[in-house]
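Report on the following structure.
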Amino acid sequence: MADTSPDSQIMTFNLCKANESCRVTLQVGERRFTTLHDTLTSESTYFGARLSGRWNDVDQDGVYFIDADPEIFEHILRYLRSGNFPVFFDASTQTFDHAKYLSLLCEARYFGIPKLEEWVEKERYLDVVQIKKSTVTVHDIDTQGSGYLNKTMTANTRMDMSTTWDTKQVYVCPRDILVHRGDKARCGLACEKARARVGGDITFDSEPVLRAVITETTMIFNPAACMGDGGCE
């Protein structure tokens with residue numbers, strides 16, 4: 001049977017203090033985390049004090065209880081393990097989760113992690129992802145849009161298109177030859193004679209045309225902005 005007496009627990013504290021590779025189990029809210037003593041105490045003043053052996057507040061099963069949000073604490077622990085700052089970015093909406101960063105900031109202050117606190121407080125996470133936009137107007141999507149609609153794009157680029165109906169003036173051949181429609185240069189001498197017989201005016205028809213505004217949005221990822229000792233989360 002394991003010895004859970006106060007004297008035994010104090011000996012365990014001292015052993016962990018001397019051996020920084022000692023494993024520590026935390027019960028954070030409804031989730032349990034296991035990590036190393038030196039991982040927790042590397043930057044956190046909270047864990048530096050709590051795991052110093054000066055307080056005997058460990059449960060009988062050797063687990064430390066922390067009343068905190070386990071979802072946010074998961075990112076706290078990842079940071080302590082790697083030194084990498086968390087990136088809360090939604091690629092579908094192309095926005096950062098500022099509410100989550102606010103929660104992370106509060107926990108970074110609570111656990112006494114100045115480097116992480118400063119990174120969030122100064123919004124340095126905004127440097128991790130940059131958004132580049134370009135917009136072009138296509139006046140006739142049927143005749144001019146194939147180069148845009150059939151374009152091959154990288155996975156970090158999204159295309160959005162909005163369309164409206166417009167009209168355009170189309171040249172009419174005086175002999176109503178279909179292949180001449182829209183291109184006066186195709187009409188020859190016979191067409192010119194036919195136009196002269198009806199007064200010589202060049203005729204145009206109004207045709208509906210689909211107009212499009214195409215916006216390309218490219219997300220540029222800058223890993224150096226969030227890397228610590230390893231890579232980004």
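All figures in this text were calculated on a predicted structure; none of them were measured in a lab. Positions are given from 1 along the sequence.
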Side-chain touch [X]/[Y], heavy atoms, less than 4.5 angstrom:
X: Val213; Y: Thr163; value: no
X: Phe33; Y: Glu74; value: yes
X: Leu116; Y: Leu104; value: yes
X: Trp119; Y: Phe85; value: yes
X: Ile141; Y: Met161; value: yes
X: Leu26; Y: Val63; value: no
X: Tyr64; Y: Arg50; value: yes

Minimum heavy-atom separation for His75 and Pro86, please, with both atom names.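 Looking at all heavy atoms of both residues, the shortest contact is ND1-CB, 4.2 Å.
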If we ignore hydrogens and angles and just use 3.5 Å, is the side chain of [X] paired with the main-chain N or O of [Y] as donor and acceptor?
X: Asp97; Y: Lys100; answer: yes
X: Gln27; Y: Gly29; answer: yes
X: Thr157; Y: Met153; answer: no

Distance-only criterion, 3.5 Å: show the donor-acceptor pairs between side-chain atoms of residues 123-138 and protein atoms not counting sequence neighbours.
{"unit_1": "Tyr125", "atom_1": "OH", "unit_2": "His98", "atom_2": "ND1", "d": "3.1"}
{"unit_1": "Lys133", "atom_1": "NZ", "unit_2": "Thr217", "atom_2": "OG1", "d": "3.0"}
{"unit_1": "Thr135", "atom_1": "OG1", "unit_2": "Thr215", "atom_2": "OG1", "d": "3.4"}

Using a 3.5 Å cut-off and no angle test, enumerate the donor-acceptor pairs between side-chain atoms of residues 199-206 and protein atoms at least two apart in sequence or in another chain.
{"unit_1": "Asp205", "atom_1": "OD2", "unit_2": "Arg181", "atom_2": "NH1", "d": "3.3"}
{"unit_1": "Asp205", "atom_1": "OD2", "unit_2": "Arg181", "atom_2": "NH2", "d": "3.2"}
{"unit_1": "Ser206", "atom_1": "OG", "unit_2": "Gln169", "atom_2": "NE2", "d": "2.7"}

Using the rule that Ile, Leu, Val, Met, Phe, Trp and Tyr join whenever any side-chain heavy atoms are under 4.5 Å apart, tell me whether [X] and [Y] fall into a single cluster.
X: Ile72; Y: Phe65; result: no
X: Tyr79; Y: Leu102; result: no
X: Ile214; Y: Leu210; result: yes
X: Val209; Y: Val172; result: no

What salt bridge (Lys or Arg N to Asp or Glu O under 4.0 Å) pairs are there with at least one residue in residues 104-113, not counting sequence neighbours?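 As it turns out, the salt bridge (Lys or Arg N to Asp or Glu O under 4.0 Å) pairs with a partner in residues 104-113, which skip direct neighbours, are Arg109-Glu117, Arg109-Glu121.
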Sequence neighbours left out, what passes side-chain hydrogen bond (donor to acceptor under 3.5 Å, both in side chains) with [X]? Give chain and number order.
X: Lys168; result: Asp140
X: Arg175; result: none
X: Thr164; result: none
X: Asp160; result: Arg158

Quick one: side chain to side chain contact (heavy atoms under 4.5 Å, CB included) partners of Ser92, sequence neighbours excluded?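 Side chain to side chain contact (heavy atoms under 4.5 Å, CB included) check on Ser92 returns Asp90.
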Pro114: side chain to side chain contact (heavy atoms under 4.5 Å, CB included) partners, not counting sequence neighbours: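 In terms of side chain to side chain contact (heavy atoms under 4.5 Å, CB included), with neighbours along the sequence ignored, Pro114 is linked to no residue.
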So, Phe96 versus Phe89, ring centres under 6.0 angstrom or not?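 Under 6.0 Å, so yes.
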Spacing of [X] atom [atom1] and [Y] atom [atom2] [to the nearest 0.5 Å]:
X: Asp61; Y: Asp59; atom1: CG; atom2: CG; result: 5.5 Å
X: Thr39; Y: Arg23; atom1: OG1; atom2: CZ; result: 12.5 Å
X: Ser42; Y: Leu80; atom1: OG; atom2: CG; result: 5.0 Å
X: Thr167; Y: Arg211; atom1: OG1; atom2: CZ; result: 11.0 Å

My understanding is that only residues two or more places apart in sequence, or in another chain, count here; which of them pass salt bridge (Lys or Arg N to Asp or Glu O under 4.0 Å) with Glu216?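 In terms of salt bridge (Lys or Arg N to Asp or Glu O under 4.0 Å), with neighbours along the sequence ignored, Glu216 is linked to Lys151.
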Side chains of residues 186-197: which donor-acceptor pairs under 3.5 Å do they make with residues two or more places apart or in other chains?
{"unit_1": "Arg186", "atom_1": "NH1", "unit_2": "Val179", "atom_2": "O", "d": "2.7"}
{"unit_1": "Glu192", "atom_1": "OE1", "unit_2": "Arg195", "atom_2": "NH1", "d": "2.8"}
{"unit_1": "Glu192", "atom_1": "OE2", "unit_2": "Arg195", "atom_2": "NH1", "d": "3.0"}
{"unit_1": "Arg195", "atom_1": "NH2", "unit_2": "Tyr171", "atom_2": "OH", "d": "2.5"}

Would you please name every residue forming a ring pair (Phe, Tyr, Trp, His ring centres under 6.0 Å) with Phe111, sequence neighbours left out?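 Phe111: ring pair (Phe, Tyr, Trp, His ring centres under 6.0 Å) contacts with Tyr46, Phe47, Phe73.
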